Amino acid sequence: MNAKKLEEKWIKRWHDNKIFEAEPDKKRKGHLITFPYPYINCAMHAGHLYTFTRCEVIARYKRMKGYNVLFSQGFHATGEPIMGVSKRIAKKDKSQIEALKKSGIPEKDLQKFSNPEHIVNYFLKSWRKDLTELGTAIDWRRTFYTTKLNPCYNNFITWQYKTLKNMGLVVKGSHPVVYCPDCESATGEHERLRGENATIVEYIAIKFRNKNNEIIPAATLRPETVYGVVNMWINPDVEYVKAKIGNEVWITSEPCFEKMKDQNFNPEKVGKIKGKELLKEKVQNPITKEWLSMHPADFVNPENATGIVMSVPTHAPYDYIALKDIHANFKPIHLIDTPGLGKNPAIKLVEDMKIQNQHEHEKLEKATKQIYKMEFHKGLLNENCGKYKGLMVKDCKERISKDFIKEGYAVILHECSEEVICRCTKCCHIKLIQNQWFLKYSDEKWKRETLKHLSKMKIYPEEARNWLENSVKGMKDKACARKSGLGTPLPWDKEWIIESLSDSTIYMAFYIIQKFVTSGKVKERNLNADFFDYVLLGKKITNIEKKTGLKKGIIDGIKKEFDYFYPVDMRVSAKDLLSHHLPFFIFHHVALFKPSKRPVAISANGYVKVDGAKMSKSLGNFITMRDALDKYGADATRLASMDTSEGLMDADLRRENAVNFKRKIDIILETAKNIKTTNRKSANELWLLSVIQQHIHGASKALDELKNRTALQHTFHAMWNDISEYLKRTDLADKETINYAFDVFARMNAPFAPFFCEELWEILGNNGFVSNAEWPKIKRSFINKEVEEGVELFKNVENDINGILKLVKTKPKKITLFVSQTWRYDVFGKIKSLLGKDFRMIMSEMMKSNEAKKHGKEVAGIVEMIVKNPSRMPDIIIPKSREISLLNEMSLMLKEKYHADVEIVDADSSKDIKAMKAMPFKPGILIE
RNA sequence: GCAGGGGUAGCCAAGUGGUCAAAGGCGCAGGACUUAAGAUCCUGUGAGUGAAGGCUCUUCGAGGGUUCGAAUCCCUUCCCCUGCACCA
């Protein structure tokens with residue numbers, strides 16, 4: 001049967017038997033596992049596949065371990081992109097039309113995509129189809145999507161934000177964005193011609209004053225160096241602006257004036273002044289009260305900050321070289337002692353690097369960076385720095401800024417970290433957006449509680465904890481609403497729409513409610529604040545029937561189901577969400593829910609590469625889910641994606657692996673169907689039964705730690721190797737043994753490759769579904785170390801014979817195997833018990849027995865050999881009689897293999913040199 | 001810049017103090033099967049050396065250190081990837 005047919009067969013049976021529909025059940029423990037709902041502006045692709053499959057494997061594994069797993073899947077439509085697509089289609093944008101065509105949408109349907117609702121519905125269907133064909137164990141009664149297009153979900157978000165606002169966790173404020181004054185809008189990363197990676201930097205503009213008490217602001221990132229300013233830099237060719245700000249007059253460059261307009265300074269232009277004119281003025285340092293001259297410099301860029309620069313030649317290479325260029329005299333003021341930099345480090349470095357003039361930008365940049373870095377990390381402020389003397393730069397920088405601002409000596413000026421040019425070719429600057437709504441993640445109590453809860457959570461792998469913890473610690477207030485895009489309006493300020501990360505924090509709870517919406521028991525009108533307070537928060541509400549319009553039986557049923565399945569037991573995500581969604585997820589649960597309803601565990605994984613490279617359409621390694629399903633089938637696709645990597649490292653999905661898995665699956669099914677059996681229990685059977693226990697152990701342990709690849713190593717590769725090994729050694733398999741092996745194989749691989757495992761399950765004569773079967777338990781009675789050792793012995797002997805034959809290059813006529821002298825067994829046994837102790841101690845212990853004394857020299861040799869290389873010591877020392885019988889058993893096989901006579905000889909009764917060399921578990925070999 | 005992760009054989013990747021010249025996979029070479037190809041199975045795969053199952057040297061980004069012993073622990077240094085927010 002081909003893969004497609006097989007998949008269809010089982011999808012239908014699963015569906016007909018409703019096996020993935022989770023209902024509360026007193027006998028089992030509820031287990032809620034979730035994958036972050038994907039944004040549905042595109043079809044599912046390999047990037048989603050990996051994380052999704054991890055989640056799915058764990059869901060199926062937990063189910064088999066006896067948990068009542070609730071695994072459903074919602075979809076995310078909130079935000080700008082879907083709206084963007086619809087707008088571009090409405091405008092008949094060519095590249096957008098092409099993109100849709102490429103993803104398989106026929107020309108005649110294109111126009112429908114100008115309606116965002118159509119886009120949502122289209123991709124909902126496409127995702128559901130792909131996920132179904134992938135064989136996922138999803139309870140589809142519980143699926144939903146976001147935005148006000150779905151009124152029930154909309155009510156849920158409305159309730160959440162009202163509640164958070166009442167708690168004081170949604171507040172009004174302003175925040176800086178990169179802004180294009182020409183387009184009059186925020187300029188996102190993808191809307192920039194240049195400066196994609198620019199970040200927002202806070203400059204400290206220090207308010208120097210001239211004799212007329214006008215302010216000449218110099219912006220700096222190093223306010224601590226204000227103690228060492230010896231002059232100011234002005235660009236003589238630039239025309240500066242005089243602006244009234246409050247009751248002060250400021251002199252800045254023209255672009256700075258524009259920035260200040262957008263940063264709430266409310267400047268009013270009152271005049272202009274040439275740079276050249278300014279040079280005549282003197283200004284006073286507000287901190288040191290020193291009067292300083294203004295000097296000309298071309299490196300002063302009017303676009304950058306205020307267009308006026310303070311000069312600290314001792315710690316800023318640019319300032320020193322510029323002073324040197326104009327042959328100015330100055331008195332250096334050394335401020336920061338840094339190990340390895342010496343006095344006046346900028347002067348020293350410029351001289352050491354032989355920088356000639358201020359046009360050697362490359363060298364100067366390098367020097368500046370070096371000094372900044374070292375002084376920041378290791379610098380100590382000295383006696384020239386007033387009350388900050390004795391502090392490390394890194395420790396007091398922030399304090400200095402705050403102090404200066406508080407005392408009115410300085411203000412914050414926001415600036416881009418690098419030049420940003422908008423698509424419209426205009427230069428961008430930073431704007432402070434007013435009256436924005438924020439989630440107050442900076443709230444100390446909220447943050448503290450969140451960190452506290454995080455410390456109780458299980459995080460897989462542990463490395464991800466650092467990342468999460470740092471994200472939570474560094475979390476600032478987050479703007480939670482935008483003016484455009486799809487979503488739920490802020491209930492109290494409807495022109496704002498709750499943005500996409502902010503409406504995705506506690507929605508896992510909605511999987512439980514959605515079932516009742518799907519069944520029609522609950523309608524939009526029932527889902528009011530009282531409903532959510534009662535069901536989700538467990539508040540006592542009188543007259544709940546009246547208030548929600550639901551019968552007590554129904555609403556209590558919902559509450560019971562919520563209490564049964566919540567909290568989220570496991571959230572599986574790629575690592576990109578560690579810095580925003582996952583912290584938000586914890587924050588909001590902590591704010592809203594009582595401790596027992598907060599998330600239990602998070603598992604994070606790396607990104608996906610395809611064939612070793614980042615997936616991209618231009619590289620030709622972009623795989624949609626559809627491609628993969630059609631080409632490799634669901635099982636092989638799933639296996640290939642799980643056989644990549646685990647932990648936070650990026651997974652590399654290799655298409656060839658998928659092909660190989662596909663082939664292997666066929667082989668396995670064929671083998672299982674055509675197996676010829678008998679009844680017998682020889683060492684071969686006992687061995688297989690025994691090693692299977694190891695794989696059960698290994699796989700279970702790995703899956704408990706969410707290590708997909710390690711698990712697959714056991715469930716698939718190692719298991720199959722051992723089964724093949726067993727079959728190779730025998731013409732007829734023992735029926736009971738081989739059935740057991742395939743039974744375990746089917747069960748253990750069912751989470752990874754459910755379709756073919758169901759098929760295998762049926763071939764083995766089972767009814768029902770392997771998906772519902774129990775995860776195999778270790779059978780202690782099957783563990784047989786001696787038999788395993790026996791097989792090992794066989795392999796070793798075979799290996800040694802091969803090695804010798806290769807070297808001597810003769811055709812063997814007779815192979816003699818000498819079983820070690822009896823006394824050596826005792827010696828080995830004794831050494832084993834002493835292993836790990838000091839060499840001399842082992843030696844003296846060994847020499848206590850008479851038997852050992854008799855062979856003193858040899859015993860010493862053996863001890864030395866084993867201490868040096870403990871691998872020479874077998875795991876178990878089997879008795880000599882057993883070794884003989886094992887060798888006798890294998891002699892027939894050796895005979896066939898090498899077409900030679902095989903004889904087993906006891907070394908005690910031989911004088912052959914090879915007989916003397918024989919060790920326990922390592923027979924002497926003589927080939928003639 | 002800050003934060004997180006990483007650098008292991010031709011490639012991917014396991015390994016966090018001794019059983020490590022280093023699992024597994026891919027690739028490559030040889031063999032079996034086949035009319036042939038493919039698939040499958042077996043053998044080999046750091047270098048050197050040995051007509052007996054070994055022995056020697058070199059190797060885990062680089063450089064130091066700790067240790068009887070280091071891919072693994074400590075220090076210094078170089079390089080790569082990811083995130084830094086209003087954007088899903």
Side-chain angles (χ1 to χ4, degrees), chain A residues 36 38-42 76-82 175-177 186 188-190 197 199-201 221 369 372-373 376 417 433 436-439 441 461 463-471 473-482 485 499-502 504 574-581 584 606-607 609 611-612 614 643-650 652 654 656-657 660 663-664 666-667 709-710 712-713 717-718 721 724 728 796-797 799-810 835-836 838-839 866-875 913-914 917 922-927:
Chain A
Y39 189 75
I40 44 172
N41 63 340
C42 66
H76 200 200
T78 309
E80 309 256 356
I82 288 178
H175 85 281
V177 294
E189 272 176 31
H190 303 291
N197 299 316
T199 51
I200 297 168
V201 189
L221 290 170
K369 260 194 182 160
Y372 184 98
K373 196 174 165 184
F376 180 78
S417 62
I433 305 276
Q436 169 68 279
W437 289 98
F438 286 88
L439 284 160
Y441 292 138
E463 295 100 274
R465 185 185 294 281
N466 273 337
W467 191 333
L468 263 177
E469 217 170 79
N470 275 307
S471 306
K473 279 184 189 157
M475 198 67 71
K476 295 183 230 157
D477 291 349
K478 160 139 181 38
C480 63
R482 299 204 74 180
E499 76 61 64
S500 62
L501 285 167
S502 305
S504 310
K575 63 184 174 188
D576 50 341
L577 302 189
L578 285 169
S579 54
H580 43 71
H581 165 73
F584 301 164
Y607 303 123
K609 291 190 286 185
D611 290 342
K614 200 170 161 182
D643 200 29
T644 53
S645 81
E646 55 198 18
L648 288 178
M649 269 175 109
D650 291 350
D652 185 10
R654 295 194 169 240
E656 206 178 314
N657 276 358
N660 288 337
R663 211 151 42 213
K664 210 146 200 180
D666 291 341
I667 291 170
R709 192 194 27 210
T710 307
L712 199 57
Q713 202 73 35
H717 300 295
N721 279 350
S724 326
K728 222 185 318 173
N796 288 347
V797 168
N799 238 336
D800 285 348
I801 294 174
N802 288 342
I804 298 166
L805 286 180
K806 208 180 149 194
L807 218 60
V808 299
K809 287 171 193 139
T810 51
L835 213 58
D838 181 69
F839 174 77
I866 291 178
V867 170
K868 236 178 164 178
N869 186 356
S871 68
R872 299 285 179 87
M873 174 61 79
D875 283 348
I913 189 165
K914 295 290 168 196
K917 271 197 164 181
K922 195 165 176 66
I925 300 168
L926 177 67
I927 295 173

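Because the structure is predicted, anything quoted here is derived from the model rather than measured. Quick note on labels: first sequence line is chain A, next is B, and so on, each numbered from 1. Any value given below was found using the heavy atoms of this structure, including those in side chains, with hydrogens, waters and symmetry copies removed.
Here B:A13 presents its C1' atom at 12 Å from CG of A:N657, a figure rounded to the nearest Å. Between A:I200 atom CD1 and B:G1 atom C1' the separation is 15 Å, expressed in whole Å. Rounded to an integer number of Å, the gap from CD of A:E646 to P of B:A14 is 7 Å. Rounded to whole angstrom, the span from the CG atom of A:N721 across to the C1' atom of B:G24 amounts to 9 Å. At whole-Å resolution of the value, NZ in A:K922 and C1' in B:A52 are 11 Å apart. Between the C1' atom of B:C12 and the NE2 atom of A:H717 lies a distance of 13 Å, rounded to the nearest Å. Here B:A85 presents its P atom at 13 Å from CZ of A:F438, a figure rounded to the nearest Å. If you measure from atom CG of A:L468 to atom C1' of B:G5, you get 14 Å, rounded to the nearest angstrom.
Residue A:L501 is in base contact, counting any heavy-atom pair closer than 4.0 Å across all strands shown. Using a 4.0 Å heavy-atom distance criterion, A:E80 is classed as a sugar-phosphate-only contact. Residue-level contact check: A:L578 touches neither bases nor backbone, having no heavy atom under 4.0 Å from any strand. A:P923 comes within 4.0 angstrom of a base, heavy atoms only. Among the protein residues, A:G606 comes within range of no part of the nucleic acid, since none of its heavy atoms lies under 4.0 Å from any strand. Counting any heavy atom pair closer than 4.0 Å across all strands shown, A:H175 reaches a base atom. Heavy atoms of A:S724 sit nowhere under 4.0 angstrom from any nucleic acid atom. Using a 4.0 Å heavy-atom cutoff across all strands shown, A:L926 reaches at least one base atom of the nucleic acid.
B:A71 and B:G18 are spaced 10 Å apart, taking the P atom of each and rounding to whole Å. Comparing B:U45 with B:A51, their C1' atoms are spaced 23 Å from each other, to the whole Å. Going from the C1' atom of B:U66 to that of B:C78 covers 23 Å, rounded to whole Å. A distance of about 23 Å separates the P atoms of B:U67 and B:A62, rounded to the whole Å. Comparing the same atom, P, in B:A13 and in B:G6 gives a spacing of 13 Å after rounding to whole Å. Across B:A29 and B:U77, the matching P atoms stand 45 Å from one another, rounded to whole Å. Comparing the P positions of B:A22 and B:U35 gives a spacing of 40 Å, expressed to the nearest Å. Taking the P atom of each, B:U8 and B:A14 are spaced 10 Å apart, rounded to whole Å.
Residue-to-nucleotide proximity on RNA chain B shows that, of A:Y372 and A:C480, the 5′-proximal contact is made by A:Y372. RNA chain B is contacted by both A:K914 and A:K728; A:K728 maps to the nucleotide lying nearer its 5′ end (nearest heavy atom per residue).
Counting only distance, with no hydrogens or angles, the side chain of A:Q436 and the backbone of A:H175 share no donor-acceptor pair below 3.5 Å. For the pair A:D650 (side chain) and A:G606 (backbone), a donor-acceptor distance under 3.5 Å is absent.
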Next on the checklist: Using side-chain contact (heavy atoms from CB on, under 4.5 Å), reason through A:D800 and A:K922 one step at a time and then give a plain yes or no.
Outcome noted: CA-CA 9 Å; A:D800 285 348; A:K922 195 165 176 66; 2.9 Å; yes
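Scanning all heavy atoms of the two residues, the minimum distance from A:D652 to A:D611 falls at OD1-N, 3.3 Å. Residues A:K476 and A:Y441 approach most closely at O-CB, 3.5 Å, considering heavy atoms. Contact record, A:W467 with A:S579: NE1-CB, 3.9 Å, taken as the closest heavy-atom pair. Nearest heavy atoms, A:S502 versus A:L439: OG-CD1, 3.8 Å. Listed here is the closest heavy atom pair of A:I927 and A:I804: CD1-CG2, 3.8 Å. Scanning all heavy atoms of the two residues, the minimum distance from A:E646 to A:R709 falls at OE1-N, 3.0 Å.
When both pairing distances are held under 3.5 Å, B:A52 makes no Watson-Crick or G-U pair with any nucleotide shown. Here B:U67 sits opposite no nucleotide as a Watson-Crick or G-U wobble pair (both hydrogen-bonding atom distances under 3.5 Å). In this structure, B:A9 forms no base pair with any nucleotide, since neither Watson-Crick nor G-U wobble geometry is met with both distances under 3.5 Å. Under the Watson-Crick or G-U wobble criterion, with both distances below 3.5 Å, B:G4 is paired with B:C81. The partner of B:C60 cannot be assigned: no Watson-Crick or G-U wobble pair with both contacts below 3.5 Å exists in any strand. Across all strands shown, the partner of B:A29 is B:U43, judged by Watson-Crick or G-U wobble contacts whose two distances both fall under 3.5 Å.
Here the side chain of A:I927 is nearest to one of B:A52, B:A85, B:U40, namely B:A52. Side chain of A:N660, nearest nucleotide from B:C26, B:G53, B:A85: B:C26. Looking at the side chain of A:N470, the nearest of the listed nucleotides B:G53, B:C12, B:G4 is B:G4.
A heavy-atom distance below 4.5 Å is found between the side chains of A:F584 and A:M475. A:N660 is not listed as a side-chain neighbour of A:R654, based on a closest heavy-atom distance of 4.5 Å or more. For the pair A:T78/A:S504, no side-chain contact is recorded, criterion being any heavy-atom separation below 4.5 Å from C-beta on. At a threshold of 4.5 Å between non-hydrogen side-chain atoms, the residues A:L501 and A:H76 do not count as touching.
Contact check, A:R709 against B:A14: a side-chain N or O comes under 4.0 Å of OP1 or OP2. Side-chain N/O atoms of A:N466 include none lying less than 4.0 angstrom from OP1 or OP2 on B:G4.
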Polar-atom pairs under 3.5 Å, protein N or O versus N or O of nucleotides 36-38 of chain B: list them with distances, or write none.
none

Nucleotides 81-84 of chain B: which of its N/O atoms have a protein N/O under 3.5 Å away?
| residue | atom | partner | partner atom | Å |
| --- | --- | --- | --- | --- |
| B:U82 | O2' | A:Y607 | OH | 3.0 |
| B:G83 | O2' | A:S579 | OG | 3.1 |

